[in-house]
Amino acid sequence: MSTVTDFMNLNLSTIHDKFIAEYIWIGGSGLDIRSKARTLSGPLDDPQKLPKWNYDGSSTGQAHGHDTEVILYPQAIFKDPFRRGNNILVLCDAYNPTGDPIYTNKRFEAAKIFNHPDVVAELPWYGLEQEYTLMERDTKWPLGWPRGGFPRPQGPYYCGVGAEKVFGRDIVDAHYKACLYAGINIGGVNAEVMPGQGVAKRGVSIRVGRDTAEEGKGYFEDRRPGSNMDPYVVTSMIAETTILWKP
């Protein structure tokens, strides 16, 4: 008898040209992620060739009950590390039926800044260091902490090695490999100063390092935004103030 796993691992590409596209967008809180899947025929690797889609914005806190339709515009495609095969993840931003961006669509204004000729000429890079803490599902306590208690002081955990210092390495590695499989430009991972805490680095890091100071070019770090910041707002603000702003 077949199991759920057997069906999950079915390779559709050996039978026909249909694939599953998981449309993903930011929900009404600005922090929640929403998604739904549709069947398409392909292959398709250009988001502009993907069909727009819609959803009920009143159910996500993004529309009023009398006018609920919100339109999804595909903006980026990644390989799906969960379904694999020819299936894809489609990152979208959201608009009302008249074509105006809804209030949670921060990408729209960011795109204007990043498409400005002066910004394009500079080719800015950003590395978002996304710190996170793994939590036990039942106790809601950080992974690796004594139940109801606290771990030893900081010291051995940062970039640590060993089962008593690093917890959830299999999850971190699975996340790392899934990002690389999908085609996300992730630069690396490391354990952080607290047990159960990790960091995923996307691209370059943003502090003026000694090499940057010596060579007169390079990168700088800005540690002020939290890891839960909106990347569209923060990165476009940095581009606007460092490239476009005229004192």
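Note that the structure is a prediction, hence the values are computed from the model and not measured. These numbers come from the heavy atoms of this one structure, side chains and all, not from hydrogens, waters or symmetry mates.
The aromatic rings of W141 and W145 stand perpendicular to each other, their planes meeting at an angle above 60°, with 30° marking the opposite boundary.
Contact of the F19 side chain with the L40 side chain is registered, since non-hydrogen atoms from C-beta on lie closer than 4.5 Å. Side-chain contact between S58 and H64: absent, with no pair of heavy atoms (C-beta onward) separated by less than 4.5 Å. Between Y95 and F108 there is a side-chain heavy-atom pair separated by less than 4.5 Å.
The cationic atom of K52 (NZ for Lys, CZ for Arg) lies less than 6.0 Å from the six-membered ring centre of Y73 and within 45° of the ring axis. Cation-pi contact between R38 and W53: present, with separation from the ring centre below 6.0 Å and deviation from the ring axis of at most 45°.
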Inset, instruction - I would like to know whether V70 and N54 meet side chain to side chain contact (heavy atoms under 4.5 Å, CB included); could you show each step before the answer? - result: CA-CA 5 Å; V70 180; N54 61 73; over 6 Å; no

Inset, instruction - Under the side chain to side chain contact (heavy atoms under 4.5 Å, CB included) rule, what do Y132 and V172 come out as? Steps first, then yes or no, please. - result: CA-CA 10 Å; Y132 57 87; V172 174; 3.4 Å; yes

Legend entry - side-chain hydrogen bond (donor to acceptor under 3.5 Å, both in side chains) evaluation trace for N105 with Y103: CA-CA 6 Å; N105 183 353; Y103 72 96; over 6 Å; no

Legend entry - Verdict with reasoning, Y157 to R152, per side chain to side chain contact (heavy atoms under 4.5 Å, CB included): CA-CA 10 Å; Y157 310 113; R152 292 179 296 167; 3.4 Å; yes

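A 6.0 Å sphere centred on CD of E136 holds more than 12 heavy atoms belonging to other residues, nucleotides or ligands. More than 12 heavy-atom neighbours from other residues, nucleotides or ligands sit within 6.0 angstrom of CG on D100. Other residues, nucleotides and ligands contribute over 12 non-hydrogen atoms within 6.0 Å of the NE2 atom of H16. The environment of Y158 atom OH is sparse: at most 12 non-hydrogen atoms of other residues, nucleotides or ligands sit within 6.0 angstrom. Taking a 6.0 Å sphere around CE of M237, one finds it holds 12 or fewer heavy atoms contributed by other residues, nucleotides or ligands.
Looking at H116, its side chain does come within 3.5 Å of a backbone N or O of D118 through a donor-acceptor pair. Remark: side-chain polar atoms of D32 are paired, donor with acceptor, to backbone N or O of S29 under 3.5 angstrom. Distance alone, capped at 3.5 Å, is enough to place a donor-acceptor pair between the N96 side chain and the G99 backbone.
If you take CG on L12 and CG on N87, they are separated by 5.5 Å, rounding to the nearest 0.5 Å. Distance check, rounded to the nearest 0.5 Å: OG1 of T235 to CD of E240 gives 11.5 Å. Atom CD of Q197 and atom CG of N190 lie 9.5 Å apart (nearest 0.5 Å). With rounding to the nearest 0.5 Å, the separation of CZ in F167 from CG in L134 is 11.5 Å. Once rounded to the nearest 0.5 Å, the distance linking CG of L50 with CD1 of I88 reads 5.0 Å. The OH atom of Y126 lies 15.0 Å from the CG atom of N185; values are rounded to the nearest 0.5 Å.
A donor and an acceptor atom, one from each side chain of S35 and E22, are located under 3.5 Å apart. A side-chain donor from one of Q62 and Y55 sits under 3.5 Å from a side-chain acceptor of the other. Between the side chains of T3 and D6, at least one donor N or O lies within less than 3.5 Å of an accepting N or O.
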